[in-house]
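Since this is a predicted model, take the numbers as computed values, not measurements.
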Amino acid sequence: AALTAGAAACSLATRGPSSADGISANSAANLRPYHLSSWQETAPGLVKERSANKYLNPMAVAWPEMNFLNPDELVAGHIILNDSKKASRRKEISEGCVRANACKDIYFNPEEVKAAIVTCGGLCPGLNSIIREVTNCLWHQYGVRSIVGMEAGYNGLSNPEEHPPVQLTVENVRDIHMKGGSILKAGRGGFDAAKICDKLEKQGINVLFTVGGDGTQAASNILYQEARKRNMKLAIVGVPKSIDNDVLFFDKTFGFESAVGAASEVIRNGWVEATSCSKGVGIVKLMGRDAGFVAMHAALASTIVDLVMIPEVDVQMEDVMKHVDKTLARKDFMVIAVAEGAGEKFVSTGKKDATGHTVYGDIGTYLKNAVNAHLKDQGGRSFYIDPSYIIRSVAIRPNDHIYCSRLARDAVHTAMRGYTGVCVGPIHNIIVVMPSQLIASGKRRVSLHSSAWQSCVQSCNMPKSLTGLGK
């Protein structure tokens, strides 16, 4: 009993102070600092939305039979009993996460809402779907008519004179999901929290949706801190974007499935080339600067890949060539999928770009040249395909568009409930609300002991030396 009590005390000590509802300060469910009714207070816990939110959701009037969430609904972070990977699970979600979606009581009077949406960083399938569904939900479900799109990422927020906002209506977003890219011209840089708050205040904007990756959400968190310091009633809700699917905590990012679908089709092109000559090796370079999710899933989707190279696995080129020789000896062709961040030690530049990201060398051309040199005396050759910009610019696919719609609607519901400095995304396929600082705290990477990677290893018949397992 004493040991049990001691262990419990130790657990509570690592969690930090807890609220009356059992939510600790470091928990993802601690949203009191992220609600406009309680963000100036220090006590952790769930938000008492029923007392804090004074307005009736107009959907409750239009659709009285509709189901609305209880505002304190939590999605369990860890759902596996007798979990073999318990030690590696993230502690921040151990107390659960507040569920997103619509509640009966809302913080904002819809008649007073002026909303803005900004898309930051590079292109990704689904940006236009997010813009469309945010606009439609605000317009149709809440009756909001003042909706603007800020062009060129944070540049448009900090300098709207040079990048004038675009008025968004249900008419001008009606068919934008049918094409790739962003009608708001996604851009990098331009972030200045104080200047942006000044500009937003001047325009009367009180709801902001930020669509972008971990860098965008890190900036969004800084913007939240600036607004909080001013006690500026600004709801900031992020929709994390990453074609690489490397956002922490959430099951997946929008656009990822479309990217995998397009990538698997290109892999088939590489397979056609490789099988159309003797000793042919098709090499396809795919997106994945720090994480190999696209390459891994595209290989699993196509089931015709013999080697997947990802940033998470350090390989030796001699082992790669041994696998090339054995595969060609067995079936006379081979297909390799390589993530752009794999094998960085072979092509390192030592440089950083303007945003602080590492400038990678081209592992694709390096691998192509290495394979060609290795096979020259054997009469073999490689066929190299780099479809990166084709993949990121494709139109969203149906299932991905459905997912974008869920994210966009729940982002709107979350903002109308009064949350700020948060992101929305799925845990166990249920959309939840998560503090942006947690999303911005790092990148998700392929776990070499995950079922997905081990299935990929088996599907590709890869040798142990190229899997990262056992190292």
Side-chain angles (χ1 to χ4, degrees), residues 125 243-245 252 256-288 291-313 315 317 319-343 363-368 370-372 374-375 378-392 394 397 399-400 446 448 450-469:
I243 201 169
D244 296 346
N245 199 39
K252 64 177 179 179
F256 173 66
E257 287 191 1
S258 296
V260 168
S264 63
E265 291 171 2
V266 176
I267 285 174
R268 291 189 187 99
N269 297 137
W271 173 82
V272 168
E273 293 286 355
T275 56
S276 296
C277 77
S278 180
K279 294 184 173 61
V281 179
I283 301 173
V284 179
K285 186 176 80 169
L286 299 170
M287 287 184 163
F293 289 103
V294 173
M296 177 178 70
H297 282 266
L300 286 168
S302 62
T303 62
I304 51 175
V305 175
D306 302 289
L307 170 62
V308 178
M309 294 176 61
I310 59 175
E312 293 84 350
V313 177
V315 300
M317 202 52 62
D319 293 327
V320 172
M321 296 309 160
K322 286 179 183 177
H323 186 44
V324 169
D325 289 340
K326 287 183 178 180
T327 303
L328 293 180
R330 177 166 56 88
K331 59 179 185 178
D332 202 41
F333 70 90
M334 182 178 187
V335 177
I336 301 173
V338 56
E340 61 183 318
I363 185 61
T365 56
Y366 176 89
L367 187 60
K368 175 192 72 173
V371 169
N372 281 341
H374 180 74
L375 294 180
Q378 303 176 44
R381 59 161 296 187
S382 69
F383 299 87
Y384 176 58
I385 306 174
D386 179 358
S388 299
Y389 285 94
I390 295 173
I391 289 175
R392 76 176 203 161
V394 299
R397 300 203 176 192
N399 281 347
D400 227 348
V446 172
L448 303 187
S450 66
S451 297
W453 177 245
Q454 293 180 13
S455 295
C456 184
V457 166
Q458 295 165 24
S459 173
C460 298
N461 197 22
M462 291 163 55
K464 185 177 179 179
S465 60
L466 299 176
T467 66
L469 296 171

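- Proximity of Ile267 to Leu286: side-chain heavy atoms (C-beta onward) are separated by under 4.5 Å at one or more points.
- The one candidate from Val284, Asp386, Ile390 that meets the side-chain contact (heavy atoms from CB on, under 4.5 Å) condition with Val266 is Val284.
- Minimum heavy-atom separation, Pro125 to Ile243: CD-CD1, 3.8 Å.
- The side-chain heavy atoms of Trp453 and Val313, taken from C-beta on, include a pair separated by under 4.5 Å.
- Atoms OG and CD1, on Ser264 and Ile391 in that order, are 9.0 Å from each other to the nearest 0.5 Å.
- In terms of modelled atom types and a separation under 3.5 Å, the side chain of Thr303 and the main chain of Leu300 share no donor-acceptor contact.
- For Lys252 and Phe256, the positive end is not near the middle of the six-membered ring at less than 6.0 Å and at most 45° from its axis.
- In this structure, OG on Ser302 lies 12.5 Å from NE2 on His297, to the nearest 0.5 angstrom.
- Residues Ala301 and Arg268 share a closest heavy-atom pair of O-NH2, 4.3 Å.
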**Study point:** From CA spacing to verdict: side-chain contact (heavy atoms from CB on, under 4.5 Å), Lys279, Met334
**Key:** CA-CA 8 Å; Lys279 294 184 173 61; Met334 182 178 187; over 6 Å; no
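- Of the possible polar contacts, none joining the Ser382 side chain to the Gly282 backbone as a donor-acceptor pair under 3.5 Å is found.
- Taking CD from Gln378 and OG from Ser278, the interatomic distance works out to 10.0 Å, rounded to the nearest 0.5 Å.
- Under the 4.5 Å side-chain criterion, counting only non-hydrogen atoms from C-beta, Val305 is not in contact with Met462.
- Judged by the 6.0 Å distance and 45° axis criteria, Arg381 is positioned over the aromatic ring of Phe383.
- Between Asp325 and His374, the side chains place a donor N or O and an acceptor N or O closer than 3.5 Å (distance only, hydrogens not considered).
- Although no hydrogens or angles enter the test, the distance criterion places no donor-acceptor pair under 3.5 Å between the side chain of Ser459 and the main chain of Cys456.
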Point to revise | Stepwise side-chain contact (heavy atoms from CB on, under 4.5 Å) check, Glu257 with Arg397 | key: CA-CA 8 Å; Glu257 287 191 1; Arg397 300 203 176 192; over 6 Å; no
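- The two residues Ala298 and Ala263 make their nearest non-hydrogen contact at CB-CB, 3.8 Å.
- Contact of the Met317 side chain with the Tyr366 side chain is registered, since non-hydrogen atoms from C-beta on lie closer than 4.5 Å.
- Proximity of Pro463 to Asp319: side-chain heavy atoms (C-beta onward) are nowhere separated by under 4.5 Å.
- Counting all heavy atoms, side chain and backbone alike, Cys460 lies closest to Ala299 at SG-CB, 4.3 Å.
- Separation of atoms NZ (Lys326) and CE (Met321) is listed at 15.0 Å; rounding is to 0.5 Å.
- With a 6.0 Å radius and a threshold of 12 heavy atoms from other residues, nucleotides or ligands, Lys331 has its NZ atom above the threshold.
- To the nearest 0.5 Å, atoms OG1 (Thr467) and CG (Leu307) are separated by 10.5 Å.
- The backbone N or O of Ile363 sits nowhere less than 3.5 Å from a side-chain atom of Glu340 that would complete a donor-acceptor pair.
- Considering every non-hydrogen atom in both Leu367 and Met309, the closest pair reads CD2-SD, 3.9 Å.
- Side-chain contact between Leu466 and Val320 is present, with heavy atoms from C-beta onward closer than 4.5 Å.
- The closest donor-acceptor contact from the side chain of Asp244 to the backbone of Ala291 lies at 3.5 Å or more, if one exists at all.
- The side-chain heavy atoms of Val338 and Ile283, taken from C-beta on, include a pair separated by under 4.5 Å.
- Of all the heavy atoms in Lys285 and Gly364, the pair that sits closest is CD-N, 3.8 Å.
- Of the possible donor and acceptor atoms, one in the side chain of Ser276 sits under 3.5 Å from a partner among the backbone N and O of Val272.
- Side-chain contact of Asp306 with Thr327: a donor-acceptor pair under 3.5 Å is absent, judged by distance alone.
- No side-chain heavy atom of Val281 sits less than 4.5 Å from a side-chain heavy atom of Phe333.
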